[in-house]
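Taking it in order: structure first as structure tokens, then the write-up.
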Amino acid sequence: MSSSSFASPILKDELDIVIPTIRNLDFLEDWRPFFQPYHLIIIQDGDPSKVIKVPQGYDYELYNRNDINRILGPKASCISFRDSSCRCFAFALSKKKYIFTIDDDCFVAEDPSGERIDAVQQHLKNLLTPSTPFFFNTLYDPYREGADFVRGYPFSLREGVPTAVSHGLWLNVPDYDAPTQLVKPLERNTRYVDAVMTIPKGTLFPMCGMNLAFNRELIGPALYFGLMGAGQPISRYDDMWAGWCVKVISDHLGLGVKTGLPYLRHNKASNPFVNLKLEYKGIFWQEELIPFFQCVTFPKECTTPQQCYLELSKMVKEKLGLIDDYFIKLADAMVTWIEVWDELNPSEEKTVA
């Protein structure tokens, strides 16, 4: 199918595509009809002296660890190394309203009719239509063509709330943890569910960073993927951490989080034994982290993502610091992250002479 077969991209000047990687980005050839109109921010993890090749024709910026250290100085300590959480540097650096982030082992999926799925356009549709976190609509997304609010849905809630996050899904290799990978090494997801739904207020979810979009202006500072990877006792929980944080903050601020479409095709099954070594502390810790997040409440004075995140960092230090000293270090990194965000995204008040 030629690129002329696809609809014109929407908001091509208002979205950045963020890709964390350690390898050449040949996968972009598969995405060319959908990604080429947009600007890419590539965060090179691993050895900064390695040359990363990007297919011709793309408009992109590429940053490695040396660039991050140069731009952030001592505050670069909050950006993880040897973990996909390095992508959050691009979240702070971007000046666009929307971000779509994807992993480099993900390819274009096909819907049941054989049509190639434009993940960017579907994410933008999700973000541009309201969410309904306060009352569940049994037809899922009521703003979708051919759907509406069902009988019994309160009219006072039908305007919905702004959507902050769009969480997409995957065909082929599922996003399993290491124990599940070990039990089901050959399992593949072939089930395409043609649905988008709002995750209800007060409900947490396991957020995967490989197919994710969000509104930077509404919720960007809450999308910190934590302090993981090299030098830390845990990896592969960076997107989980961001998901728990962004959900409790979105709930407090009256914003919505959607999950479902779009699908992409996840091709690479990572080594479950390596994953188990990276994940095992998280597997234990999450049993205490989830009740912690379920009990998080913010004072009404917290009206911005930054204020909420700084308040959350205090709770992390006080409550989770009792589990392990790592969470004290993480809480400090959360504060540094907000400092980085505010330095790279000065408010209008700060820029007025």
(message) Would you say CZ of Phe284 has more than 12 non-hydrogen atoms from neighbouring residues, nucleotides or ligands within 6.0 angstrom?
(response) no
(request) Would you check, one step at a time, whether the test side chain to side chain contact (heavy atoms under 4.5 Å, CB included) holds for Trp244 with Leu289? (result) CA-CA 9 Å; Trp244 299 328; Leu289 296 180; 3.6 Å; yes
(request) Find out whether Asp30 and Arg116 are in side-chain contact, i.e. whether some heavy atom of one side chain is under 4.5 Å from a heavy atom of the other. (result) yes
(message) Using the rule given for side chain to side chain contact (heavy atoms under 4.5 Å, CB included), can you reason through Leu15 versus Ile99, listing the C-alpha separation, both sets of side-chain angles and the distance that settles it, and then say yes or no?
(response) CA-CA 5 Å; Leu15 176 137; Ile99 292 284; over 6 Å; no
(request) Begin with the C-alpha distance, continue with both residues' side-chain angles, and end with the deciding distance and a verdict on side chain to side chain donor-acceptor pair (under 3.5 Å) for Asp175 and His266. (result) CA-CA 9 Å; Asp175 185 32; His266 182 214; over 6 Å; no
(message) How long is the straight-line distance from CD1 of Ile323 back to NZ of Lys281, given to the nearest 0.5 Å?
(response) 11.5 Å
(message) When you measure from the side chain of Asp111 to the backbone of Glu115, do you find a donor-acceptor pair of N or O atoms at a distance under 3.5 Å?
(response) yes
(request) Tell me, yes or no, whether the heavy-atom count around Lys95 atom NZ, taken from other residues, nucleotides or ligands under 6.0 Å, exceeds 12. (result) yes
(message) Tell me the closest heavy-atom pair linking Thr198 and Thr132, and the distance in Å.
(response) OG1-N, 3.0 Å
(request) Mind listing the closest non-hydrogen atom pair of Asp45 and Asp83 along with its distance? (result) OD2-N, 2.8 Å
(request) Return each pair, listed once, that meets salt bridge (Lys or Arg N to Asp or Glu O under 4.0 Å) where at least one residue sits in residues 227-239; pairs must be two or more places apart or across chains. (result) Arg236-Glu279
(message) Main chain of Asp26, side chain of Asn24: is a donor-acceptor contact present, judged purely on distance under 3.5 Å?
(response) no
(request) Take Phe205 and His167 through the test ring pair (Phe, Tyr, Trp, His ring centres under 6.0 Å) and record every step on the way to the result. (result) CA-CA 10 Å; Phe205 75 112; His167 177 256; 5.4 Å; yes
(message) With heavy-atom distances below 4.5 Å as the criterion, would you say the side chains of Cys106 and Trp170 are in contact?
(response) no
(message) So, applying ring-ring contact (aromatic ring centres under 6.0 Å, His included) with Trp241, which one of Phe293, Tyr309, Phe292 is it?
(response) Phe293
May I have the list of side-chain donor-acceptor pairs in residues 209-225 shorter than 3.5 Å, sequence neighbours left out?
from, atom 1, to, atom 2, distance (Å)
Asn211, OD1, His123, NE2, 2.8
Asn211, ND2, Leu169, O, 2.9
Asn211, ND2, Pro262, O, 2.9
Asn215, OD1, Glu217, N, 2.9
Asn215, OD1, Leu218, N, 3.1
Arg216, NE, Phe91, O, 2.8
Arg216, NH1, Ser94, O, 3.3
Arg216, NH1, Lys96, O, 3.1
Arg216, NH2, Phe91, O, 3.2
Arg216, NH2, Ser94, O, 2.9
Arg216, NH2, Asn345, OD1, 2.8
Tyr224, OH, Cys78, O, 2.5

(request) Evaluate the side chain to side chain contact (heavy atoms under 4.5 Å, CB included) criterion for residues Ile19 and Ile102: first the C-alpha distance (whole Å), next the side-chain angles of each, then the deciding distance (0.1 Å), finally the verdict. (result) CA-CA 6 Å; Ile19 306 167; Ile102 184 174; 4.0 Å; yes
(request) Show your working on side chain to side chain donor-acceptor pair (under 3.5 Å) between Asn126 and Gln122 and close with a plain yes or no. (result) CA-CA 6 Å; Asn126 294 346; Gln122 179 63 54; 3.0 Å; yes
(request) Report yes or no: does Gln44 contribute a side-chain atom to a donor-acceptor pair with the main-chain N or O of Lys50 at less than 3.5 Å? (result) yes
(message) Please check if the number of heavy atoms outside Phe298 that lie under 6.0 Å from its CZ is greater than 12.
(response) yes
(request) Establish, yes or no, whether a centroid distance under 6.0 Å links the rings of Phe34 and Phe100. (result) no
(message) I want to check something: taking the side chain as every heavy atom from C-beta on, are Leu72 and Ile79 in contact at a cut-off of under 4.5 Å?
(response) yes
(request) Might you point out which heavy atoms bring Leu227 and Tyr326 nearest each other, and give the distance in Å? (result) O-OH, 2.7 Å
(request) Evaluate the side-chain proximity of Pro9 to Gln36: yes if any heavy-atom separation is below 4.5 Å, no if none is. (result) no
(message) What I want to find out is whether Asp325 reaches Lys329 closely enough, with some N-O distance under 4.0 Å, to be called a salt bridge.
(response) no
(request) Please assess Glu61 against Tyr63 for the test side chain to side chain donor-acceptor pair (under 3.5 Å), listing each intermediate value before the final yes or no. (result) CA-CA 7 Å; Glu61 303 168 67; Tyr63 297 90; 2.3 Å; yes
(request) Without swapping roles, check the side chain of Thr21 against the backbone of Arg23 for a donor-acceptor pair under 3.5 Å. (result) yes
(request) Show your working on side chain to side chain contact (heavy atoms under 4.5 Å, CB included) between Arg65 and Asn69 and close with a plain yes or no. (result) CA-CA 6 Å; Arg65 190 69 198 183; Asn69 291 338; 3.7 Å; yes
(message) Using the ring-ring contact (aromatic ring centres under 6.0 Å, His included) criterion, which residues pair with Tyr192? Sequence neighbours excluded.
(response) Tyr263
(message) Which heavy atom of Leu182 sits nearest to which heavy atom of Phe273, and what is that distance?
(response) CD2-CZ, 3.6 Å
(message) When you compare the side chain of Thr190 with that of Leu171, does any pair of heavy atoms fall below 4.5 Å?
(response) no
(message) Between Tyr58 (side chain only) and Arg32 (backbone N and O only), is there a donor and an acceptor less than 3.5 Å apart?
(response) yes
(message) Under a 3.5 Å distance rule, please check whether Thr203 uses its side chain to pair with a backbone N or O of Ile199 as donor and acceptor.
(response) no
(request) Check Leu330 against Gly226 and note the closest heavy-atom contact, atom names and distance. (result) CD1-CA, 4.0 Å
List the atom pairs, with distances to 0.1 Å, where a side-chain N or O of residues 310-321 and a protein N or O form a donor-acceptor pair under 3.5 Å, not counting sequence neighbours.
from, atom 1, to, atom 2, distance (Å)
Ser313, OG, Leu310, O, 2.5
Lys317, NZ, Asp332, OD1, 2.6

(message) I'd like to know if Asp194 and Arg144 make a salt bridge, using a cut-off of under 4.0 Å between side-chain N and carboxylate O.
(response) yes
(request) Specify the closest pair of heavy atoms between Cys308 and His252, including all atoms of both residues, with the distance to one decimal. (result) SG-CD2, 3.5 Å
(request) Output all residues satisfying side-chain hydrogen bond (donor to acceptor under 3.5 Å, both in side chains) with Asn137, sequence neighbours left out; order by chain, then residue number. (result) none
(message) Any non-hydrogen side-chain atom of Phe81 less than 4.5 Å from a side-chain atom of Cys86?
(response) no
(request) Just say parallel, tilted or perpendicular for the rings of Phe35 and Trp31, cut-offs at 30° and 60°. (result) parallel
(message) Tell me whether Asp103 contacts the main-chain N or O of Asp105 through its side chain, where contact means a donor paired with an acceptor under 3.5 Å.
(response) no
(request) Report yes if the side chains of Ile283 and Pro179 come closer than 4.5 Å at any heavy-atom pair, otherwise no. (result) yes
(message) Can you confirm whether Met197 sits close enough to Asp141 that some side-chain heavy atom of one is under 4.5 Å from a side-chain heavy atom of the other?
(response) no
(request) Give every residue pair that meets the side-chain hydrogen bond (donor to acceptor under 3.5 Å, both in side chains) criterion with at least one member in residues 282-300, sequence neighbours excluded. (result) Tyr237-Gln286
(request) For Asp67 and Asn64, indicate whether the former's side chain and the latter's backbone hold a donor-acceptor pair under 3.5 Å. (result) yes
(message) Please check: side-chain N/O of Arg265 versus main-chain N/O of Glu110, any donor-acceptor pairing under 3.5 Å?
(response) no
(message) Evaluate Lys258 against Thr129 for side chain to side chain donor-acceptor pair (under 3.5 Å), listing each step before the verdict.
(response) CA-CA 10 Å; Lys258 293 181 180 180; Thr129 52; 2.7 Å; yes
